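Okay, so here's the structure we're looking at.
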Amino acid sequence: MSSTIVVPGEIKALGLIDEWIDQLVGAWRIPLGTRFAIKLCCEESFTNIVLHGYKAQRPAEREDQMVRLALEHHDDQVQLTIEDHGAAFDPLKVAPPAPVKTIADSAIGGHGIQLMRRFTEQITYERRNSANLLSLRFTLAHKKTPAGETRSLPH
Amino acid sequence: MQISTTTLTPSLTKITLVGQMNAAGAQKIDLSFNVTVGASQNVLVDMTEVDFLASMGIRTLVVGAKALNRRGGRMVIMKPTPDVEQVLIASGIDSLISIVHAQDEALALLAPTQP
């Protein structure tokens with residue numbers, strides 16, 4: 001089962017994306033924890049594209065700033081693929097934030113990629129034909145804990 | 001996303017958030033949240049009815065906590081749902097802003113220290 005949507009690269013499109021995901025995960029009876037992970041990672045990657053990838057482009061390049069999202073459900077896995085034509089950006093190359101001990105030392109942002117790493121089973125990135133292709137895989141039978149460990153869920 | 005405030009003591013304000021703290025939700029409450037933080041010594045953020053938290057929502061919490069800290073105050077997060085608490089832990093926020101699961105626990109944590 002699969003579905004694809006193309007939306008403008010604007011933050012306000014998140015409402016439309018949310019509605020699209022809600023309809024699919026409901027129809028596919030995806031467990032609640034996995035739904036949360038899919039919505040979280042989708043919002044984080046889409047926000048990065050709009051606020052960083054597309055914002056960095058010159059005005060002449062901004063006319064066709066669309067984002068294509070595809071959600072596929074196979075057996076015990078859901079895969080989310082996000083394609084944009086912004087500046088090349090491989091989130092896998094971003095180093096994890098250095099741990100801080102006090103709120104005074106903490107950065108205000110920079111949590112998105114860390115959250116994507118923790119709430120997905122696997123992330124792959126490819127730059128193809130001037131497009132960024134980001135694939136996020138979520139498993140339904142196993143739940144990845146925030147500590148990065150994988151454990152079986154009771155049947 | 002909805003926000004409401006209650007004055008619990010002269011030095012402690014409770015902010016109650018309801019809804020999805022995503023990019024749109026955070027943008028909706030940012031002004032009220034910052035105004036309340038600016039007028040409070042300590043803030044207890046009740047997240048019982050927040051069913052989604054993303055990095056734009058984390059940004060709202062961190063900005064507020066940093067502002068309070070600069071004035072010698074403190075923020076405590078109360079009763080996040082399990083999913084929201086996982087986001088707070090995964091982003092390391094739990095080590096910077098205390099999380100409690102009962103209001104009494106928060107009051108004890110934020111009680112003025114005796115001279």
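A quick note: this is a predicted structure, and the numbers were derived from the prediction, not measured. Below, read A as the first sequence line, B as the second, and so on, with proteins coming before strands; counting in each chain starts at 1. Just so you know, these numbers use all the heavy atoms, side chains as well, and skip hydrogens, waters and symmetry mates.
- Under the 4.5 Å side-chain contact rule for hydrophobic residues, B:L110 and B:I99 do not share a cluster.
- Heavy atoms of A:I108 lying under 4.5 Å from chain B belong to its backbone as well as its side chain.
- At least one side-chain heavy atom of A:L40 sits under 4.5 Å from a side-chain heavy atom of B:F52.
- At a 4.5 Å heavy-atom cutoff, the contact between B:A23 and chain A is made by backbone and side-chain atoms alike.
- No side-chain N or O of B:S91 forms a donor-acceptor pair with one of A:Q114 less than 3.5 Å apart.
- A donor-acceptor contact shorter than 3.5 Å is absent between the side chain of A:E43 and the backbone of B:A54.
- The shortest distance between side-chain heavy atoms of B:Q20 and A:D18 falls below 4.5 Å.
- Interatomic distance, NZ of A:K12 versus CD of B:Q27, reported as 11.5 Å (0.5 Å rounding).
- Taking B:T60, B:N69, B:L68 one by one and counting their heavy-atom pairs under 4.5 Å with chain A, the maximum is reached by B:N69.
- A:L69 is not connected to A:F89 by any chain of hydrophobic side-chain contacts under 4.5 Å among Ile, Leu, Val, Met, Phe, Trp and Tyr, and they are in different clusters.
- Between atom CG of residue A:D105 and atom CG of residue B:L96 there is a gap of 9.0 Å, rounded to the nearest 0.5 Å.
- Heavy-atom distances place no part of A:A37 under 4.5 Å from chain B, backbone and side chain included.
- By the criterion of side-chain heavy atoms lying less than 4.5 angstrom apart, applied directly or through intervening Ile, Leu, Val, Met, Phe, Trp or Tyr residues, B:V35 is not grouped with B:L17; the two fall into different hydrophobic clusters.
- Residue A:L51 touches chain B through its side chain alone, counting heavy-atom pairs closer than 4.5 Å.
- Only the side chain of B:I93 comes within less than 4.5 Å of a heavy atom of chain A; its backbone N, CA, C and O stay farther away.
- Taking 4.5 Å as the limit, every side-chain heavy atom of B:Q86 sits out of range of all side-chain heavy atoms of A:F36.
- Within the 4.5 angstrom heavy-atom criterion, only side-chain atoms of A:L14, from C-beta onward, approach chain B.
- Between the CD1 atom of A:I17 and the CG atom of B:N22 there is a distance of 11.0 Å, given to the nearest 0.5 Å.
- Contacts of B:I97 with chain A are made by side-chain atoms alone, with heavy-atom separations under 4.5 Å and no backbone atom involved.
- For chain B, the nearby part of A:I11 is the side chain; its heavy atoms alone come within less than 4.5 Å.
- Taken to the nearest 0.5 Å, the CE atom of B:M56 stands 12.0 Å off from the NE2 atom of A:H111.
- A single hydrophobic cluster is seen to contain both A:I30 and A:W20, as judged by linkage of ILVMFWY side chains at heavy-atom distances under 4.5 Å, directly or through other members.
- Closest approach of B:S55 and A:G112 over heavy atoms only: CB-N, 3.9 Å.
- The cluster map of Ile, Leu, Val, Met, Phe, Trp and Tyr, joined by side-chain heavy atoms under 4.5 Å apart, puts A:L71 and A:L32 in different clusters.
- The distance from atom OG1 of A:T102 to atom NZ of B:K66, rounded to the nearest 0.5 Å, is 7.5 Å.
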